Amino acid sequence: MAAKEAAPKIMLGFVVRQCAVALGHRPSPAELVEWANNQGKGRERHCLFGRPITVAEAGVILRHPGRPVTVRSTDPYPIFALASR
C-alpha cells in the first residue's frame, strides 16, 4: 500500500501578504479578521481558514508569518494534484 501523500503547506505570511495587497497596507488584526472571514461574493462567501477567526487568533497569525499551515483546495479537483503531473 502506498504511503499517503502529505497535504501541501504554505506559510501564514503568504496569506497576510494577500490581505495587505487587497487593503493596500499591512493589516491590523481586526482588518485581517474582516478580510479572512468574508471571502467570495454573494452566496459563495466563505472563511479563508475554514471557520471564522477571532481578533486574538489574527494577532497570533500576524506575529508568526513563517509558520507553515496545511492548505486544501476548494475545487472539486484539487489544484495541487494537477500541478504535480
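Quantities reported herein were computed from a predicted structural model and do not represent experimental measurements.
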Task: Verify same cluster id: Val16, Val69 (apolar side-chain graph, 4.5 Å) - done: yes
TODO: Tell me, please, which residues at least two apart from Phe49 pass side chain to side chain contact (heavy atoms under 4.5 Å, CB included).
DONE: Leu12, Val15, Ala36, Ile53, Ile61
Task: Pairs satisfying side-chain hydrogen bond (donor to acceptor under 3.5 Å, both in side chains), at least one member in residues 58-71, at least two apart - done: none
Task: Pairs flagged by side-chain hydrogen bond (donor to acceptor under 3.5 Å, both in side chains) wherever residues 35-44 is involved - sequence neighbours left out - done: Glu34-Asn38
Task: Over all atoms of both residues, closest heavy-atom pair of Glu31 and Cys19 - done: O-SG, 4.5 Å
Open item on the list: Show the nearest heavy-atom pair for residues Pro27 and Ala20, with the distance to one decimal.
Closed with: CD-CB, 4.0 Å
Task: CD-CG distance between Gln18 and Leu32, expressed to the nearest 0.5 angstrom - done: 12.0 Å
TODO: Output the distance between atom OG (Ser28) and atom CG (Leu62), rounded to the nearest 0.5 Å.
DONE: 8.0 Å
- [ ] For the residue pair Glu57 and Val33, establish whether any side-chain heavy-atom pair is separated by less than 4.5 Å.
- [x] no
